[in-house]
Protein chains: 2
Amino acid sequence: MANSRPMAVSRAAPRAQPARKEAAPAAESGPLQLGELSELLGYQFKRTQLRIFEDFIRCVASLQLTPAQFSVLVLLEKNPGRNQTEIASTLGILRPNFVSMLDGLESRKLCERIRSPHDRRSHQVMLTEKGHSILARAKRLVAAKHESRLNALLGDADRAALLRILDKLSAF
Amino acid sequence: MANSRPMAVSRAAPRAQPARKEAAPAAESGPLQLGELSELLGYQFKRTQLRIFEDFIRCVASLQLTPAQFSVLVLLEKNPGRNQTEIASTLGILRPNFVSMLDGLESRKLCERIRSPHDRRSHQVMLTEKGHSILARAKRLVAAKHESRLNALLGDADRAALLRILDKLSAF
DNA sequence: TATTGTTATACTCTATAACTATA
DNA sequence: TATAGTTATAGAGTATAACAATA
């Protein structure tokens, strides 16, 4: 999990040019220049997303839940009785890969599969009492440690702006 | 690469409650409710980032460059002669994993490793002429197809706001 | 002794094909 | 025949330990 903490993705100190020289020869030491990566949305998105997930994992470490597992539990809570195909596809998880994921959650008694009486091919998936309880605790940890830290850094205005922009990007 | 195109992460149509009933029983059909995932920055970040990378890959498909390979080429252009450890760590890539990545680029004659005369343990990595050329073409494709599509969707103001917020989040 | 590049390895994610049981 | 869940499998991506050459 602990990767080599990479540089600060800083936009600062653009290193003044030697005035006359063309094609700046690049520094021979010190931090590297990111060049156009600084303004490449995909690059910045990826790096930021990794940091956010790292923090999420750290914040709910006591409950041993990954971001993906958390997202499944949230979906089960809000949509009890839906089948595996529906849950998986909503989260962008391929059905074959969702099987072992559910196995993990079910073996921990956080959710259960129940053969649907209406269509015996499918499973109605739902949280157990323990699943509800763990999810509630996870939400509290996320709100108190993870989201609050993000909010403190961003401020209410930028957090709202970010969510609005992310929503806009859902059409991308 | 082509995953099951997941739902629209929409924030719309919150499904009016039946007025008196408590604990809304959740829809029995139709799209699932995302619940608190709608406002979970990490979740929205991840989904958006995947879409952005998919588009990037599609846009530079003719040059067969992944986002990671592109980022290496950009870094080599701006920082010629740096060693593998420096390049890799700047991009958050672990040194062992960077070896095969460089092998791939070098076998395509896009870059070359040169034993440093000052420290014969290390390699000075630099773009070849072909590497410069491919990178220039890649940048044009990214600007003309990828970034322009993002900009069209976001608008200048939101693009700038997003980059500013991402920069703020680099301290996270 | 410490560092650079490297190999080997393992674990997670993601992706596709194909099977079974139901419909 | 089509669909839900499943198995098997393959390929990325990511992580750690350890080795040879060099400092």
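Sequence lines set the chain letters: A, B, ... in the order given, protein chains first and strands last, and positions in each chain run from 1.
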Just how far, in rounded Å, is C1' of D/dT6 from CG of A/Asn97? 12 Å
Are any of A/Ser122's side-chain N or O atoms less than 4.0 Å away from OP1 or OP2 of D/dT3? no
5′-ward residue of the pair A/Ala68/B/Gln124 relative to DNA chain C: B/Gln124
OP1 or OP2 of D/dT6 under 4.0 Å from side-chain N/O of A/Arg113: yes
Closest nucleotide of DNA chain D for A/Phe98 versus for B/Thr66: which of these residues is on the 5' side? A/Phe98
What is the separation between atom CG on B/Leu94 and atom P on C/dA8, rounded to the nearest whole Å? 18 Å
Are B/Lys139 and B/Glu77 close enough for a salt bridge, meaning some N to O gap below 4.0 Å? yes
Between A/Arg95 and C/dT14, is there a side-chain N or O to OP1/OP2 distance below 4.0 Å? no
Between A/Glu36 and B/Lys78 (salt bridge meaning N to carboxylate O under 4.0 Å), is one present in this structure? yes
Rounded to whole Å, the CD-C1' distance (B/Glu86 to C/dT4) equals 11 Å
Hey, are the side chains of A/Gln124 and A/Pro117 touching, using non-hydrogen atoms and a 4.5 Å cut-off? yes
With sequence neighbours left out, what residues match A/Leu50 under side chain to side chain contact (heavy atoms under 4.5 Å, CB included)? A/Lys46
Which part of the nucleic acid, if any, lies within reach of A/Asn83 when heavy atoms closer than 4.0 Å are counted: base, sugar-phosphate only, or nothing? sugar-phosphate
What one-letter contact string describes nucleotides 17-23 of chain D from 5' to 3', where B marks a base within less than 4.0 Å of any protein heavy atom, S marks contact via sugar-phosphate atoms alone, and - marks no contact? B---BBS
Starting at CE of B/Met101 and ending at P of D/dA15, how long is that distance when rounded to a whole Å? 14 Å
Give the minimum heavy-atom separation between A/Thr128 and A/Lys109, together with the two atoms involved. OG1-O, 2.5 Å
For the pair made of CG in A/Leu102 and P in D/dT7, what is the distance, rounded to whole Å? 12 Å
Given atom CD1 of A/Ile93 and atom P of C/dT16, what is their separation to the nearest angstrom? 16 Å
Could you give all pairs that pass the salt bridge (charged side-chain N to carboxylate O under 4.0 Å, His left out) test and reach residues 56-66 of chain A, with sequence neighbours left out? A/Asp55-A/Arg58
Should the pair B/Lys130-B/Glu112 be classified as a salt bridge under the 4.0 Å nitrogen-to-oxygen rule? no
Please list, chain by chain and in numerical order, all residues satisfying ring-ring contact (aromatic ring centres under 6.0 Å, His included) with A/Phe56, sequence neighbours excluded. A/Phe70, A/His146
Output all residues satisfying ring-ring contact (aromatic ring centres under 6.0 Å, His included) with B/Phe45, sequence neighbours left out; order by chain, then residue number. A/Phe45
Quickly work out the B/Leu50 CG to D/dG13 C1' distance and round it to whole Å. 13 Å
Dot-bracket encoding per residue of DNA chain D, Watson-Crick/G-U cut-off under 3.5 Å, | denoting interstrand: |||||||||||||||||||||||
Distance check needed: D/dT3 P versus A/His123 NE2, whole Å only. 18 Å
